[in-house]
Structures are given as C-alpha cells and as structure tokens.
Amino acid sequence: MNSEFQREQERVDNVMEIITEEISRLEKETARRKDEVVRIRRHFWDEVKVNTDTFDDYLETIIGLRQEAQALSVNQSTHRQASKRLSTLRRMQEIPYFGRIDFLEEGEPAQEQIYIGISSLSDASGEDFLIYDWRAPVSSVYYDYQPGPAKYETPGGTVQGILEKKWQYLIRGGVLQSMFDTSLTIGDEILQQVLGKGNDKQMHNIVATIQQEQNRIIRHDRGRLLIVHGAAGSGKTSAALQRIAYLLYKYRDHLNADQIILFSPNSMFSSYVSNVLPELGEENMQQVTFQEYLDHRLSKEFHVETPYEQLEYVLTAPHTPLYSSRLASIRFKASAHFFEAIQSYRQSLESSGMLFKDITFRGEPVVTAQQIAERFYSHDTSLRFHNRLEKLREWLIKEINEVQKAERKKPWVQEEIELLSNEEYHEAHAYLAEKRGFKREEMADYEMEPKALAQLIVHQKLKPLRRRVRALRFVDFKGIYKQLFADPEQITHWMKGETPAEWAAICEETLNMLDEEKLFYEDATPFLLLKELIQGFQTNSSIKHIVVDEAQDYSPFQFEFLKRLFPAARMTVLGDFNQAIFAHASEKVDFHMLTSLYGPDQTEWINITRSYRSTKPIIEFTRRLVPNGERIIPFERDGERPALKQVADHAELHSCIAAKVADLQNQGLNSIAIICKSAEESMRAYESLSGIDGIKLLKSNSLEYEQGVVVIPAYLSKGIEFDAVIIYDASEQVYGEESLRRMFYTACTRAMHNLQLYSVGEPSPFVRSALQEGFIEA
C-alpha cells in the first residue's frame, strides 16, 4: 500500500506541476488580452476614418467600425474565457481531483484509469486527459455504480463496461492526505469528514460527495418538469445548483447563466447559495424571489403585502375578529378553483364588464370612460379580445391626434411659446430644421414657422397621454378586479367548485384593501394574472430553465402563472411538504397538483429520503415530528441526543440560553441559531439576549446570511443550516396548535451537530412522545 500511495503522490505532484505551468501561461495571456482590450478601447476612433461624403466613403466607415468592434469583442471574449479558466485552475491547486474509476470499456483490451475533479485537465501534449470534469458522461459511473457491470450515456450512444475499482482521494494543497478503495457509492469516510465540519457563511459545492440519488437529479434531462421531493437535509438545493452547473456544461454552446433563473425563498438564502456555481467555474444564474417579481410589476399601483407579513399575521393574530375569514381567503385565493374563476371571469369580459378611465387633457375629457366602453362593445366585436383592445388603442391615438390639431390654435399654446427659454427655443429650432432636412451647417438658414412651433409644443404636451394609451393605462384594472368581489353571489357564474363559508366577509375585506391602494399577498398573483389575461402576457422566452426552491410554499395558482410567464423554460421544482408552513398549505397538500402543468408525459418525480445535514440522534428525533417520518433515513453520523430543558419563566430561559451559547462556542461551534416561532417573538428574544456578544437579529429584509449567534424566525431559517440550534421556547403555549407542527419540524431540522430545546412551562405535545421514548434528553 505504501508504494501505491507513493505512486499516487507522484502523480499528484505531476498534475500540480502542469496546473502551475498552465496558471503561469494564462496569467500572461490574460494580462496581454487585457492590455489589448484597453488599447483598442483607447484608440478605437483613431483606427476608423469617419467619412460620409459619398456612399462608398460611408460604406468604408461602416466596415472599419465593424472590424474594430469585432476585434474588441474577440479580445474581450478571449480575456473572459481565460480569466474563467484561470479562476478554476487556482481552485484546482487546492484540490486537483477527488476520485478515480478503473473502467474497462466493452471491446477494449485494457482498463482506463479516469481521475475526476471539478474541471478537466490535459497533459502537456493536450492529447491525454489527466483529470475528467465531474460532469463528463464517463464521470457518472463514479457516482452511480459499485464495482461490476456499469454503463454511461454519451451523445453517440450507451457505453457498456466493467467498473473494476473505485477510489476516493483526500488532497489538500497538493498533498495526498488519504485514499480509499471503496465499493460504496461514495465512501462514508470522505462524507463523514465533510459533514462533520463546522458550518460557514455560504453553501459549498458537493461534487466530491454526490450520492447516487442526487446524481439522478443533476443529470436528469427529460421532459419539461422535474419534481424533487426530499427530506430536510437531503441535499435538494445542493443537487439543484450542481444540476445548473451540469446543464451549463452540457449545453455550453447554446445555454448561458443569464438564461437560468433560481426562485429563492428570500434574499438571505440567495446570498447563502451564491458561492456554489463560482466554485465550479461557472457564472451565477439569475436569482429572484417571487415577491421581488410581484413588487417589480405592482409596486407602482399598490402597496403589496409580503408572504412573511402574511405569515406573521397568521402566527400572531389568531384571536382577532377577522382571522377566520382571512385564513379562508388565503387558502381559497391560492387554489386551482380561484385560478379557473379568474380565467372564466376574463372570458366573460368579452361581452360585458370591461371598465375604463377617462382620458383627459388640460382638465378636459378627450374621451370619457363610457365612450371607450361603448366603442369596445360596439366595434370590431368579431375580433379576438386582444385584437379588439389593439383596435381600441389605435382609435384612441387617432382621437388624440384630432385633439392635437384643435389645440394648436388655442391661446395657451402662444403662452407656452412665450415662456420658452432661449435654450428650449434653440432646441426646438434645431429639431424642426433637422426634420425639414437641413444639415447641421445649414441650420442657421432655417426660418421656423410659428405654426410648426405651435404644433411641436402641443405634440410634446400630448406625449405622456399617448404613452399612457399605448401602455393600456386607460383600462381600469383595479376596478375590473374589484368587480369580482362586488357581489358575493356573482362568483358562481365563473366557478364550478364551492366558495368558502366566509366568502361574503372575504369580499368585503378585499374591497377595503383595494380602496386603500393595498393588496393582500394572496391577491397579488390573481390580480397580476387577470391583468395579463386582459392586456396579453408579458412573457419571457429567453429564459430556458427555472429552478423553484422551497416549492411547497408556492400555490398552484403561482405555478400556473410561472408556466405562462416563461413559456420556453423547463422547470426544476424542489420541496418538502413536511416544511409547508404557509397558510394555504395547512391542509393536506402534495406535489401531485403539479402534474397537470405539463402533463404526466413531461413530468418526472425523484424522491430522496436520506438526510445528511443532521447527526443520527437529531434525525431520529425530528423524523418523529411528521407523518411518514419513518421513511426518512439518517446518515450514520453519531452525536449527542437533542436535549429539552423546562424552565419556570423567561428570566430563567434567558439565563440558560446565554450559558448554553457560551458552552457551544467553547466546543468550537461557531454558527448558532436561536430559532423563534415568529418575527415578533424573535424581536423580544433578541432584546432580552442582547448581552450575548455579537448576537444578531435576522429579519425578512436581511440581505445576507450572517455567521455567529443569530436570532431568527423559523420561516426565515428554511434552506439554511447551523452548527447548533436552540429552540427558544418549545412550550405548549407557543407550539400547542397542530397547524404549527411543520414549522416546529422546520426549525429543529436546521441543526447539524447540536439541538437544544427550552420550554417555559409545559413542553409542546410535539415532543412528549419523543421524551417518553428516550429520543430527547431531559
């Protein structure tokens, strides 16, 4: 074994030498290319002779411009590619590769030793691969097979063979620390070391420890929709990010990072995962929250409630008078029934119900709302709805043009002309001269007619009105949405299913909000859908792939909307219904409703049940908190049992938490979360625990995930993991309702190494059986 180890170290030395040489070459190349780009930019116009006297001169100028622009583009592109490769090689200096397979391809006389790392590397001749990229087709054998018959897919077909051996390496800074000959999918030794580490500020790539079930997610390449349902800590998000890197590698000729969007649960999570793709030598995809998209589209018209404001209301206002009707509103407006109602309502607008706004100029009506409605329902009625709106828009522009003719003779126009500054007058003169065909040097000869100036003044004043008409801002979208709720009986015309018992109260509350220029979060997507169905969808066909994380928090309504918004995109959906904490999901929910999005033939499911985040004792406890928890398989990583301490009051609670934090820090655990039920409870806890050195409060608008000791509401902690978790108050008073079970489970499953629960008074019913069975230390 020593001689084998020595040979492998010699190979590492050889690889490191080639990486160092390649880095040196690329450093010179990038410096040279950068200088070239700077030179071209600085002397761009020196190289081009601008002459437009004759058509041939003009053509020569255009060709010269194009050649210089092309040279600049080539140098910029080459510099960008070289810089990207340089960045990857520098990471490979630390860990050049992590695995090896000895593969005998069918029909070949000898096996090939294939070393696997984050990127490929050739020898000095460029003919032989020293390292294969983890995304290369042959690398899938490393993740998917134990020694024995194996195969992998290539563009040219399936390659069959025998996997004779599989090795794992632990290399750091060019030194081979250990190597394992393993018959496991991925040997537990490396995975144990990775999972046993402390957490830090950002998620990292998992290419050295990808499991077989995760590899299925990463390399999946069929259909429009991939649904991944996995237990907390099963590596769903990690696998999805590795999947993006794989797609960028496989389709590198016609897919780039700008064509992929990740819908994150919040901005803090976006910051947490932002390091993974750059670690793999890829640019980050676009990241957005669904709320950011809603704000982008609606914030000019309404104040839109956020999902966290909605959830905070659900958690903290159960005894207020309107609570039950608000809860019913949240659930109903997230349903497929309400989606159908919106679509049917839009259909009904073809014959009646469209509302418009007066178009006015200088306080006088140009066309009244009633006149617009009469025109819409009496002209061009055989055309499709959107074409009728287009014709209406053209008619309104003509009406504005008629107004322009009439207005230019009115006294106000002369007053405006007299108020023009010298600069404004000269600008108008130059504009009209150019319009009449005068060249720059001839403009002084142009005599501006008063009539032309008057026409220009009126045209400029009417510009905003034309803009409003072209943007369909004469349609009263708010009024049209209000009509849905004006008469509680009316919705039966547009919907087959039953309305909630509280429907009349829901209608009244919705109308009150709309009158205040506000939208409940549950109304934001329906309002936007109705608006899009009326004016035509503002689709984005450039996006080729969307990834939706924490998908259990999205309603069927929102998924239907995303499908229409990105018609050319394939979709990867990740979630865990045991963590479905929003009010619309508090009844029985699952991902089966998504099958109808693209149909069963275009949809594939992958369930992953093994959990890697937490130690085995923590998972043994947390899986008892949820239905079918026995299906969650813990990874064999030992640790301390979760502990529960019952205290008499909040003063004792805060004293115990402060002492526990100090103890955890002494054990070397740096990332410690004190998890509360709500933002309200988090604020109280933070104020009471402010004596803890460096403690931070994380809120829904926090832009970055913070290391150290943090106080955080359970719903914001989703998708993030901590070395240690302290459940602030796991008492019956705080977590007594069955509807909070999933939230409690979410909070507990954030812990990697240590889980401590406190209870002011009687503990929650969620933990009692685990106490009796010995899964929690009292």
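Around CD of Gln602, the count of heavy atoms belonging to other residues, nucleotides or ligands within 6.0 Å exceeds 12. No more than 12 heavy-atom neighbours from other residues, nucleotides or ligands sit within 6.0 angstrom of CG on Asp693. The local environment of NZ in Lys28 is sparse, with at most 12 non-hydrogen atoms from other residues, nucleotides or ligands closer than 6.0 Å. Enclosure of atom NZ in Lys544 by more than 12 non-hydrogen atoms of other residues, nucleotides or ligands within 6.0 angstrom is indicated. Around the CD atom of Gln93, the shell of radius 6.0 Å holds more than 12 heavy atoms that belong to other residues, nucleotides or ligands.
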Would you be so kind as to tabulate the donor-acceptor pairs closer than 3.5 Å made by side chains of residues 129-137, with sequence neighbours excluded?
residue, atom, partner, partner atom, Å
Tyr132, OH, Glu112, OE2, 3.0
Asp133, OD1, Arg135, N, 2.9
Asp133, OD1, Arg135, NE, 3.0
Asp133, OD2, Arg135, NH2, 3.0
Arg135, NH1, Ala245, O, 2.8
Arg135, NH1, Glu282, OE2, 2.8

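With 3.5 Å as the limit, one finds no donor-acceptor pair spanning the side chains of Thr746 and Arg750. Between Gln6 and Glu8, the side chains place no donor N or O within less than 3.5 Å of an acceptor N or O (distance only, hydrogens not considered). Between the side chains of Arg85 and Ser119, a donor-acceptor pair is found at a separation under 3.5 Å. With 3.5 Å as the limit, one finds a donor-acceptor pair spanning the side chains of Tyr169 and Arg100. Side chains of Asp13 and Gln9: a donor on one and an acceptor on the other come within 3.5 Å. Arg243 and Thr572 form a side-chain donor-acceptor contact under 3.5 Å, judged by distance and modelled atom types alone.
Between Asp221 and Lys250 there is a salt bridge, since a side-chain N of the basic residue sits under 4.0 Å from a carboxylate O of the acidic one. The pair Glu21-Arg25 fails the salt-bridge criterion, with no side-chain N (NZ, NE, NH1 or NH2) lying under 4.0 Å from an Asp/Glu carboxylate O.
Side-chain atoms of Arg172 never come within 3.5 Å of backbone atoms of Glu94 as a donor-acceptor pair (strictly under, hydrogens ignored). Side-chain N or O atoms of Gln259 include none that pairs as donor or acceptor with a backbone N or O of Ala569 at under 3.5 Å.
Gln579 and Ala232 make their closest contact through NE2-CB, 3.5 Å (heavy atoms, listed as atom of the first residue, atom of the second, distance). Nearest heavy-atom pair across Asp638 and Thr615 is O-CG2, 3.7 Å. Residues Glu108 and Leu104 approach most closely at O-CD1, 3.5 Å, considering heavy atoms. When all heavy atoms of Pro96 and Ile19 are compared, the pair lying nearest together is CB-CD1, 4.0 Å. Of all the heavy atoms in Ala240 and Val547, the pair that sits closest is CB-CG1, 4.2 Å. Of all non-hydrogen atoms in Cys748 and Thr622, the two that sit nearest each other are CB-CG2, 3.7 Å.
Taking the centre and axis of the six-membered ring of Tyr115, the NZ or CZ atom of Arg11 falls inside the cone set by 45° and 6.0 Å.
With sequence neighbours excluded, no residue satisfies side-chain hydrogen bond (donor to acceptor under 3.5 Å, both in side chains) with Glu106. For Arg252, the side chain to side chain contact (heavy atoms under 4.5 Å, CB included) partners at least two apart in sequence or on another chain are Tyr249.
Distance NE2/His545 to CD1/Ile244: 7.5 Å, rounded to 0.5 Å. Rounding to the nearest 0.5 angstrom, the gap separating the CD1 atom in Ile672 from the CG atom in Asn754 is 8.5 Å. Put simply, CG on Asn670 and CZ on Phe722 are 13.5 Å apart, with the number rounded to the nearest 0.5 Å. Rounded to the nearest 0.5 Å, atoms CD1 (Ile171) and CZ (Phe98) are 10.5 Å apart. In this structure, CD on Glu29 lies 12.0 Å from CD on Glu27, to the nearest 0.5 angstrom. Taking CG of Asp258 as the reference point, atom CE of Met285 lies at 11.0 Å (rounded to 0.5 Å).
Ile727 places a side-chain heavy atom less than 4.5 Å from the side chain of Phe744. Side-chain contact between Lys166 and Tyr142 is present, with heavy atoms from C-beta onward closer than 4.5 Å. Counting heavy atoms from C-beta outward, Ile95 and Ile118 have side chains that stay 4.5 Å or more apart. Using a 4.5 Å heavy-atom threshold, the side chains of Pro642 and Ile618 count as touching.
Ring-plane geometry between Tyr251 and His254 is classed as tilted, the angle between the planes lying from 30 to 60 degrees on a 0 to 90 degree scale.
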